[in-house]
Amino acid sequence: DSVFCQIAQAPEDPILGVTVAYNKDPDSSKLNLGVGAYRTEEGKPLVLNVVRQAEQKLVNDPTRIKEYLPIVGLADFNKASAKLIFGADSPAIQEKRVATVQCLSGSGSLRVGGEFLARHYHQKTIYIPDPTWGNHPKIFTFAGLSVKTYRYYDPSTRGLHFKGLLEDLGNAASGSIVLLHACAHNPTGVDPTIDQWEEIRQLVRSKQLLPFFDSAYQGFASGSLEADAKPVRMFAADGGECFTAQSFAKNMGLYGERVGALSIVCKTSDVASRVESQLKLVIRPMYSSPPLHGACIVSTILNDSNLYNEWTIELKGMADRIISMRTQLLEALQAKGTPGDWSHIIKQIGMFTFTGLNAEQVGFMRKEYHVYMTSDGRISMAGLSTKTIPHLANAMHAAVT
Ligand SMILES: Cc1ncc(COP(=O)(O)O)c(CN[C@](O)(C(=O)O)[C@@H](O)C(=O)O)c1O
């Protein structure tokens with residue numbers, strides 16, 4: 001008998017499992033609105049032109065080697081990543097108070113940050129939004145932290161539960177870690193306003209909470225890298241300490257290259273260098289050092305002004321296409337007279353619309369219309385195109401009437 005004959009069949013991941021089911025469906029009208037991966041109007045994955053150009057430069061460089069990266073990753077990438085999120089004029093960067101390590105995309109950055117905190121921070125509780133990305137609680141639990149939630153979304157308004165957020169964070173034990181989505185909240189698409197962010201920042205600082213930003217969509221929410229980084233920059237510039245996990249999966253279209261960075265803003269440069277040394281002790285026994293290729297692509301683009309400018313144009317193009325899908329879906333539902341108020345579709349931002357459809361309606365749409373989305377009613381707007389909007393509108397109309 002196998003020593004694993006008792007092992008149980010694990011359930012599919014709630015998000016990635018949607019694509020597994022979609023792939024099995026033979027119906028030609030099927031629509032995959034599950035995983036947060038950008039698709040063009042033709043419904044195809046997109047490799048950015050600047051990524052192709054950067055790869056060409058790398059391939060044509062005969063001096064390139066395949067040596068191990070250091071444990072902390074590619075230095076030019078780390079510097080450029082920190083600059084991208086904190087701003088070129090960031091006081092924290094100028095005073096060398098930021099420890100940045102290249103990690104395996106956003107997930108890896110969150111996990112390394114969680115493991116570091118479990119090992120070196122006195123408070124082991126992390127507050128995450130309700131709802132949040134399904135992988136957050138698992139990442140931080142396995143890292144050794146205890147996970148609690150703070151109210152974030154108000155189903156009655158389909159907007160931010162700001163009062164609940166302030167109350168829950170106000171009641172958190174001093175020093176607790178607080179996970180914050182930097183922009184384009186997943187799954188709700190609801191972000192605090194800048195004024196609300198300032199109130200959150202004041203509360204966080206007054207209670208000595210430790211902010212941990214998750215930035216997986218910088219540039220995707222508004223189309224502007226600067227605007228989308230504003231909340232993070234408010235915290236990073238106030239002299240306090242904060243964690244930031246960055247992913248280049250979506251905004252550079254580098255999903256499978258697993259490119260990300262964890263940056264820890266510290267009070268002094270001496271602390272930052274000691275923090276970096278301890279981060280190496282977390283990373284070395286986990287995966288030893290990060291992958292070379294994706295970091296070289298990002299570093300090439302961020303460190304070349306022409307490629308950088310072209311990237312900002314392509315990024316805005318993706319964000320604009322998603323926004324046009326929002327407008328078209330709302331118009332299609334209004335044209336059909338679909339019961340309910342669907343204005344949240346254009347109020348929410350980023351890759352996802354939190355429709356408000358329940359699990360039963362989601363199941364109905366999958367069964368009857370071959371529309372695939374997560375059971376919490378989230379749809380990835382990037383999975384839509386002008387020609388598939390009518391099919392989704394028909395499915396939603398049928399699901400609610
Ligand atoms: C808020 C948030 N943080 C981190 C990540 C991790 O991303 P990566 O490790 O690839 O850099 C995602 C991706 N979440 C998804 O877009 C999604 O929610 O569909 C999808 O990629 C996923 O893995 O679930 C995310 O939505």
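Atoms within a ligand are numbered from 1 in the order they appear, just like the ligands themselves.
Electrostatic pairing of Glu167 and Lys163 counts as a salt bridge here, judged by a charged N lying under 4.0 Å from a carboxylate O.
In plain terms, the two heavy atoms of Pro291 and Leu104 that are nearest each other are CD-CD2, 3.4 Å. Taking every heavy atom of both residues into account, Glu241 and Arg205 meet most closely at O-NH1, 3.0 Å.
Looking only at atom types and distance, the side chain of Gln348 has no donor-acceptor partner in the side chain of His185 under 3.5 Å away.
Two rings, from Phe243 and Tyr121, have their centers 6.0 Å or more apart.
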Can you list every pair where an N/O of ligand 1 is under 3.5 Å from an N/O on the protein?
{"residue": "ligand 1", "atom": "3 (N)", "partner": "Asp214", "partner atom": "OD1", "Å": "3.4"}
{"residue": "ligand 1", "atom": "3 (N)", "partner": "Asp214", "partner atom": "OD2", "Å": "2.6"}
{"residue": "ligand 1", "atom": "9 (O)", "partner": "Gly106", "partner atom": "N", "Å": "3.4"}
{"residue": "ligand 1", "atom": "9 (O)", "partner": "Ser107", "partner atom": "N", "Å": "2.9"}
{"residue": "ligand 1", "atom": "9 (O)", "partner": "Ser107", "partner atom": "OG", "Å": "2.6"}
{"residue": "ligand 1", "atom": "9 (O)", "partner": "Arg258", "partner atom": "NH2", "Å": "2.9"}
{"residue": "ligand 1", "atom": "10 (O)", "partner": "Arg258", "partner atom": "NH1", "Å": "2.9"}
{"residue": "ligand 1", "atom": "11 (O)", "partner": "Ser105", "partner atom": "OG", "Å": "2.6"}
{"residue": "ligand 1", "atom": "11 (O)", "partner": "Gly106", "partner atom": "N", "Å": "2.7"}
{"residue": "ligand 1", "atom": "11 (O)", "partner": "Ser247", "partner atom": "OG", "Å": "2.6"}
{"residue": "ligand 1", "atom": "14 (N)", "partner": "Trp133", "partner atom": "NE1", "Å": "3.2"}
{"residue": "ligand 1", "atom": "16 (O)", "partner": "Tyr217", "partner atom": "OH", "Å": "3.1"}
{"residue": "ligand 1", "atom": "16 (O)", "partner": "Lys250", "partner atom": "NZ", "Å": "2.3"}
{"residue": "ligand 1", "atom": "18 (O)", "partner": "Trp133", "partner atom": "NE1", "Å": "3.3"}
{"residue": "ligand 1", "atom": "18 (O)", "partner": "Asn186", "partner atom": "ND2", "Å": "2.8"}
{"residue": "ligand 1", "atom": "18 (O)", "partner": "Arg378", "partner atom": "NH1", "Å": "2.8"}
{"residue": "ligand 1", "atom": "19 (O)", "partner": "Gly36", "partner atom": "N", "Å": "2.8"}
{"residue": "ligand 1", "atom": "19 (O)", "partner": "Arg378", "partner atom": "NH2", "Å": "2.8"}
{"residue": "ligand 1", "atom": "21 (O)", "partner": "Lys250", "partner atom": "NZ", "Å": "3.0"}
{"residue": "ligand 1", "atom": "24 (O)", "partner": "Trp133", "partner atom": "NE1", "Å": "3.0"}
{"residue": "ligand 1", "atom": "26 (O)", "partner": "Asn186", "partner atom": "ND2", "Å": "2.7"}
{"residue": "ligand 1", "atom": "26 (O)", "partner": "Tyr217", "partner atom": "OH", "Å": "2.7"}

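Ring orientation note: the planes of Phe116 and His120 are tilted relative to one another, at an angle of 30° to 60°.
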